[in-house]
Amino acid sequence: SKKPVRVAVTGAAGQIGYALLFRIASGEMLGKDQPVILQLLEIPDEKAQKALKGVMMELEDCAFPLLAGMEAHSDPMTAFKDTDYALLVGSRPRGPGMERAELLSINGAIFTAQGKALDKVASRNVKVLVVGNPANTNAYIAMKSAPGLPRENFTAMLRLDHNRALSQVAAKTGVKVGDIEKLTVWGNHSPTMYADYRFATANGKAIKDMINDQEWNANVFLPTVGKRGAAIIEARGLSSAASAANAAIDHMRDWALGSSGKWVTMGVPSNGEYGIPKDTMFGFPVTTENGKYTIVKDLPIDAFSQERINKTLQELKDEQAGVAHLV
Ligand code: NAI
């Protein structure tokens, strides 16, 4: 049987952690033949550590055959030791009345420390997914804080936006979600993201032609996908957790095991594709194979799309400028 791999998860006692860990341990992320060791990080706070112990008791009570070990940590330097996969979920969400600068500086400190720890102690092939918001900029800070690791090992989660867009398109057209290919989401994980179905097909037919309604695209679809996070908070009283965990599983599974030629969306450091400045952590269409992702290149960008891409890029540039002193 396969040698266990090490999977670090931060914010492990939080809501997304609770929806995520059991699925990783059951083999849904890395395959039903891949044993895992969970290296769980929470803040040193006594309540958080106690809650983490409770989650670990429940993991134990599942008796997952693939769970080859688990550890509780309060320091990234031990939590990330030799880790092959790191899901950085814990962050400080924006509190009431919190200024953007304050949010960026608190998270700047977290992701600088975690990037440095990954640089020092993680596997040289570690695959890093940042979920904690602001996800793209946190991933950018972690990448910049880890000069000893390949920059392409750092990614941000746009997959929830991608999945939200898939479901909206399926509902509009009546085609099955699983039949839709070549949809993508460009840019920042924020309401400025640009969900793009111009290239999408279902069973060989163009989704754009099936919908044929630019008014719906601009005034219904894009605002619905962009504001979905806020709509969930409004309805549930809590932010998306199970769907976020599901997207994290999808992202890591496809990166590790391949997407079989299908497009998926990942936030990855630009190499200059589509005029996005190098290193900007940007949502792109990618295909994945043998543990590597490749950005889909040379897609035509029309005026409407360019305007949307410029807007989400500008937001990312502003966020990056806010953390420039850290990187
Ligand atoms: P939560 O507040 O329930 O849990 C976060 C956990 O992280 C807490 O237990 C906290 O103690 C821990 N934590 C905070 N700082 C930490 C640090 N430096 N090291 C280790 N652990 C730390 O939050 P929830 O609902 O689990 O969400 C987590 C993050 O994911 C939030 O920032 C949220 O905005 C973001 N998110 C991102 C999405 C995306 O699509 N990229 C979608 C949904 C949520």
Side-chain angles (χ1 to χ4, degrees), residues 8-21 39-56 71-80 83 86-95 98 103-118 128-142 145 155-165 185 187-193 195 225-233 236-252 265-267 281-283 316 319:
V9 179
T10 76
Q15 334 177 59
I16 294 176
Y18 197 70
L20 179 63
L21 297 174
Q39 307 188 154
L40 307 174
L41 180 67
E42 261 295 342
I43 51 174
D45 170 77
E46 206 178 304
K47 261 178 76 180
Q49 287 294 324
K50 192 172 166 203
L52 177 56
K53 294 283 154 41
V55 176
M56 291 169 77
E71 306 160 2
H73 294 274
S74 58
D75 179 350
M77 285 294 286
T78 56
F80 296 157
T83 196
L87 293 93
L88 310 187
V89 178
S91 76
R92 183 70 179 276
R94 195 172 193 149
M98 193 191 279
L103 179 78
L104 285 173
S105 89
I106 293 171
N107 283 301
I110 295 174
F111 286 87
T112 307
Q114 294 189 357
K116 285 183 177 159
L118 287 163
V128 183
L129 168 61
V130 177
V131 175
N133 281 319
N136 297 53
T137 296
N138 289 340
Y140 172 79
I141 296 169
S145 305
T155 67
M157 192 164 94
L158 269 292
R159 187 62 175 260
L160 181 53
D161 309 276
H162 177 104
N163 288 345
R164 285 167 172 167
V185 179
N188 198 7
H189 169 66
S190 94
T192 66
M193 57 88 235
V225 178
K227 295 179 191 154
R228 189 68 165 183
I232 304 278
I233 293 175
R236 212 171 78 89
L238 286 166
S239 70
S240 336
S243 55
N246 179 69
I249 298 264
D250 284 350
H251 177 118
M252 279 304 208
T265 301
M266 290 171 67
M281 201 57 74
F282 204 81
L316 277 171
E319 288 183 17

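In each ligand, atom 1 is the first atom listed, and ligand 1 is the first ligand listed.
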Q: Tell me which part of Gln114 gets within contact of ligand 1: side chain, backbone, both or neither, using heavy atoms under 4.0 Å.
A: side chain

Q: Find out whether Leu41 and Gln114 are in side-chain contact, i.e. whether some heavy atom of one side chain is under 4.5 Å from a heavy atom of the other.
A: yes

(Q) Give me the residue, atom name and distance of the protein heavy atom closest to atom 3 (O) of ligand 1. (A) Gln15 N, 2.9 Å

Q: Pull out every atom of ligand 1 sitting under 4.0 Å from any heavy atom of Ile110, numbered as shown with elements.
A: 18 (N)

Q: Taking only heavy atoms of Ser239 into account, list the atoms of ligand 1 that are under 4.0 Å away from them.
A: 25 (O)

Q | Rounded distance [0.5 Å steps], CE in Met157 versus CG in Asn138 | A | 12.5 Å

Q) Would you say Phe80 and Leu88 make side-chain contact, with heavy atoms under 4.5 Å? A) yes

Q. At under 4.0 Å between heavy atoms, which part of Ala244 makes contact with ligand 1: side chain, backbone, both or neither?
A. side chain

Q) So how far is it from Leu129 CG to Leu87 CG, rounded to the nearest 0.5 Å? A) 5.0 Å

Q.
When you measure from the side chain of Gln49 to the backbone of Ile43, do you find a donor-acceptor pair of N or O atoms at a distance under 3.5 Å?
A. yes

Q. N/O of Gly11 under 3.5 Å from N/O of ligand 1, yes or no?
A. yes

(Q) Any atom of ligand 1 sitting under 4.0 Å from a heavy atom of Ser240? (A) yes

Q. Is there a nitrogen or oxygen of Ile16 sitting under 3.5 Å from a nitrogen or oxygen of ligand 1?
A. yes

Q: May I ask you to list the atoms of ligand 1 that are less than 4.0 angstrom from any heavy atom of Leu160?
A: 40 (O), 42 (C)

Q. Is there a heavy atom of Glu42 sitting under 4.0 angstrom from any atom of ligand 1?
A. yes

**Q.** For atom 28 (C) of ligand 1, closest protein heavy-atom neighbour
**A.** Val89 O, 3.4 Å

Q | Closest to atom 22 (C) of ligand 1 (judged by heavy-atom distance), picking from Asp161, Ile232, Ile43 | A | Ile43

**Q.** Location of contacts on Val131 toward ligand 1, heavy atoms closer than 4.0 Å
**A.** both

Q.
Apply side-chain contact (heavy atoms from CB on, under 4.5 Å) to residues Thr265 and Asp161 and explain how you reach the verdict.
A. CA-CA 9 Å; Thr265 301; Asp161 309 276; over 6 Å; no

Q.
Is it the case that ligand 1 has an N or O less than 3.5 angstrom from some N or O of Thr10?
A. no

Q. Could you walk me through whether Asn133 and Asn107 pass the side-chain contact (heavy atoms from CB on, under 4.5 Å) check?
A. CA-CA 8 Å; Asn133 281 319; Asn107 283 301; over 6 Å; no

**Q.** Identity and distance of the protein heavy atom lying nearest atom 5 (C) of ligand 1
**A.** Gly14 CA, 4.2 Å

**Q.** Nearest-neighbour protein heavy atom for atom 31 (C) of ligand 1, which is reported as residue plus atom name and distance
**A.** Ser91 OG, 3.8 Å

Q | Residue pair His73 / Thr78: nearest heavy atoms and the distance that separates them | A | ND1-OG1, 2.9 Å

Q | Qualifying residue for side-chain contact (heavy atoms from CB on, under 4.5 Å) with Val185, from His162, Met266, Arg164, Arg159 | A | His162

Q) Would you say atom 40 (O) of ligand 1 has a protein heavy atom nearer than 4.0 Å? A) yes

Q) Under a 4.5 Å cut-off applied to non-hydrogen side-chain atoms, are Leu104 and Thr137 in contact? A) yes

Q) Looking at residues at least two apart in the chain, or sitting in another chain, which of them share a side-chain contact (heavy atoms from CB on, under 4.5 Å) with Ser239? A) Gln15, Ile233

Q: Go through ligand 1 atom by atom and flag the ones less than 4.0 Å from a non-hydrogen atom of Gly90.
A: 7 (O), 13 (N), 22 (C)

Q. Can you tell me which residue and heavy atom of the protein come closest to atom 2 (O) of ligand 1, and the distance to 0.1 Å?
A. Pro93 CG, 4.8 Å

(Q) Test of understanding: given a 4.0 Å heavy-atom threshold, classify the contact between Asn133 and ligand 1 as side chain, backbone, both, or neither. (A) both

Q | Ala12 and ligand 1 - part of the residue with a heavy-atom distance under 4.0 Å | A | neither

**Q.** Close side-chain approach of Leu316 and Met281, heavy atoms under 4.5 Å
**A.** no

Q. Between Leu158 and Asn136, is any pair of side-chain heavy atoms under 4.5 Å apart?
A. yes

Q) For ligand 1, is any non-hydrogen atom under 4.0 Å from His189's backbone (N, CA, C, O), its side chain (CB onward), both, or neither? A) side chain

